[in-house]
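Note that the numbering runs from 1 along the sequence shown for the chain. Whatever order the structure lists ligands and atoms in, that order sets their numbers, starting from 1. Values below: all heavy atoms of this structure, side chains included; hydrogens, waters and symmetry mates excluded.
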Amino acid sequence: MRTFAPKIINRQTVNRRIAMKVRVRFAPSPTGPLHIGGVRTALYNYLFARQHGGDMVFRIEDTDSNRFVPGAEEYIREAFAWLGIGFDEGVGFGGEYGPYRQSERREIYKVYVRQLLESGRAYYAFDTPAELEAKRAERPNFQYDATTRMEMRNSLTLPKDEVDAIVSGGGQYVVRFLIEPGQEVHVHDLIRGEVVINSSILDDKVLYKSADELPTYHLANIVDDHLMQITHVIRGEEWLPSAPLHVLLYEAFGWQDTMPQFAHLPLLLKPEGNGKLSKRDGDRLGFPVFPLEWHDPKTGDVSSGYREKDYLPEAVINFLALLGWNPGNDQELMTMDEMTRLFDLSRCSKAGARFDYKKLIWFNHEYILRRDDADIARAFQPMLRAQGVEAPLERITPMVALMKGRVNFVHELWEQAAYFFVAPTEYDEKSLRKWWREDAWTYVSELCDFIGESPEFEGAVLEPKVMEWIASKEWPVGKVMNAFRVTLVGAAVGPHIFALTDYLGKDETLRRARRALEVLPKL
Ligand code: GLU
């Protein structure tokens, strides 16, 4: 037992890796759909790597076979393809440090498990689940550590020949990390500064399980970060409690000089700001917490995704970028290139970031405005088809140009602009009450004749002529034009009326107006 000043682990110099090429990784476990917080983590890694001309590695951490969910890996890759987050290397991308799926790296980990066993930094443990259970029942705050390990069945307490017999005889065991108590463990975090904990609070974590011949997350993660020459570990705050253990593992392997820099990102909070964002918040308030729709292979449950809910990927990206980071001014709209230039880990906050999904709707609106009209038209065409309307892109694009400023989602164009494609068969009651009175029928009827006889139809020419003609009749412009609008649209809404007549063309304009004259009353 230590009686004097504790040994200090990890007094690294912050700039020691300055000359190395930046390499980061995104390392999901395929246990289900990627949560939106994971997308934010991947994005920050991506921005950081791009900014430094570094590499971004995609690693699959699938050492826990009990939690493996089929389809999750494919889902994650499809999500990043949709979001425009690219990887340089990893599962599906190739590279020189593979394989990148941990279940395919069994033999590699065994070497390192052996190394820890041989150096005395780890030991075999044979306690059965029932024995551990009994111990926990006996001692409420039981933890497998320096205070208890000598009471357990492991290679520290059993005679060597017995241990050898179990191991070589194919008996089940785990390998546990031997944590020396009473040491100060320092975690340097690029966002949080220095975090210091005492090793006495840590337990002897299981690093390897003979049952599936695989290491646990902690060992696989450290070995791979080391072998793949990862320079920065940027991940969610939920991993911060594991960081001291990871520091101790680097030290046990003698890798402390090439240990990656840590950056633990702030938590995503509920829209109201109280507590961690969960799927239930999304269900309750009607927003997805997954990038793509997810069909649970076991339960058959379907969870909504941003893609299927008609969000633009650039809006999702821009929104997420600002959940925990800001560029130092109040600029909000940024392209991926701008974000790459401006991103700065030291401007990431420690405090949780409120998931203000309404802000995302605003971003979506802004990015619809910034997208090409033809692009939006392409996205809208299948939605139009689903409404039974077949229209070529040349007919959809000019509508988009006139109407996209009014919607937050592409699908809302149907609600806002169906009349561009389908002549009204019904007329909005409120609009009729307001505009279809007194001389409305006469106004529209005479306007139809006037337009019908006019050799020019193009709005730019027609508009001043119509205005002049209305003035000569001493009619109220608003009443004439709104009555006319109701006949074309079916309600007193829509774009500039002569932009609409240009879109509809002379025949369709007159057909709509004259049909209304047949069905609407002459008062
Ligand atoms: N496999 C872990 C996860 O699912 C990776 C954590 C880390 O980045 O170290 O998020």
Side-chain angles (χ1 to χ4, degrees), residues 22-49 54-69 71-77 79-80 85 87 89-91 97 99-105 109 177 187-192 195 205-207 209 212 214-250 253 255 259-268 276-277 279 289-291 294 320 324 345 348:
V22 163
R23 285 174 59 79
V24 297
R25 83 305 194 265
F26 183 66
S29 299
T31 55
L34 181 62
H35 191 268
I36 199 71
V39 176
R40 197 260 326 244
T41 299
L43 172 64
Y44 283 21
N45 275 281
Y46 174 83
L47 295 174
F48 187 76
D55 296 327
M56 161 107 152
V57 178
F58 182 57
R59 186 169 75 217
I60 291 290
E61 304 208 324
D62 56 348
T63 56
D64 189 348
S65 50
N66 296 326
R67 298 184 59 218
F68 179 82
V69 173
E73 183 185 311
E74 293 71 17
Y75 173 98
I76 294 169
R77 279 163 58 178
F80 288 130
I85 293 179
F87 291 85
E89 181 180 318
V91 176
Y97 298 82
Y100 293 94
R101 205 179 270 113
Q102 291 186 329
S103 58
E104 295 166 18
R105 297 170 65 79
Y109 303 124
F177 192 33
V187 178
H188 297 275
D189 188 289
L190 294 172
I191 296 172
R192 284 147 215 278
V195 181
K205 274 273 174 308
V206 172
L207 299 179
K209 294 179 184 171
D212 25 72
L214 274 170
T216 57
Y217 155 73
H218 300 290
L219 184 92
N221 188 268
I222 268 50
V223 167
D224 285 351
D225 282 349
H226 174 72
L227 295 178
M228 295 177 187
Q229 299 195 18
I230 299 303
T231 58
H232 295 79
V233 167
I234 304 168
R235 60 185 175 189
E237 180 178 283
E238 64 274 26
W239 301 99
L240 185 59
S242 303
L245 169 69
H246 295 176
V247 167
L248 287 172
L249 273 167
Y250 281 105
F253 282 119
W255 297 336
M259 185 165 76
Q261 302 267 299
F262 290 109
H264 289 93
L265 304 176
L267 221 54
L268 295 187
K276 204 176 138 202
L277 176 71
K279 178 162 176 333
V289 297
F290 302 120
W294 168 254
L320 288 178
L345 277 176
C348 287

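Taking Lys276 as the reference, Leu267 meet the side chain to side chain contact (heavy atoms under 4.5 Å, CB included) condition, with sequence neighbours excluded. With sequence neighbours left out, the side chain to side chain contact (heavy atoms under 4.5 Å, CB included) criterion links Glu61 to Ala27, Ser29, Arg59, Gln102, Tyr217, Asn221.
In this model, no donor atom of one side chain and acceptor atom of the other lie less than 3.5 Å apart for Asp224 and Tyr100.
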Can you list every pair where an N/O of ligand 1 is under 3.5 Å from an N/O on the protein?
from	atom 1	to	atom 2	distance (Å)
ligand 1	1 (N)	Ala27	O	2.8
ligand 1	1 (N)	Ser29	OG	3.0
ligand 1	1 (N)	Glu61	OE1	2.6
ligand 1	4 (O)	Ser29	N	3.3
ligand 1	4 (O)	Ser29	OG	3.3
ligand 1	8 (O)	Arg25	NH1	2.7
ligand 1	8 (O)	Arg25	NH2	3.4
ligand 1	9 (O)	Arg25	NH2	2.9
ligand 1	9 (O)	Tyr217	OH	2.8
ligand 1	9 (O)	Asn221	ND2	3.1
ligand 1	9 (O)	Arg235	NH1	2.8

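Two residues are said to be in side-chain contact when any heavy atoms from C-beta on lie closer than 4.5 Å; Ile191 and His264 fail this criterion.
With hydrogens and angles ignored, the 3.5 Å screen pairs no side-chain donor or acceptor of Arg101 with any backbone N or O of Asp62.
For residues 32-48, the set of pairs meeting the salt bridge (Lys or Arg N to Asp or Glu O under 4.0 Å) definition, not counting sequence neighbours, is empty.
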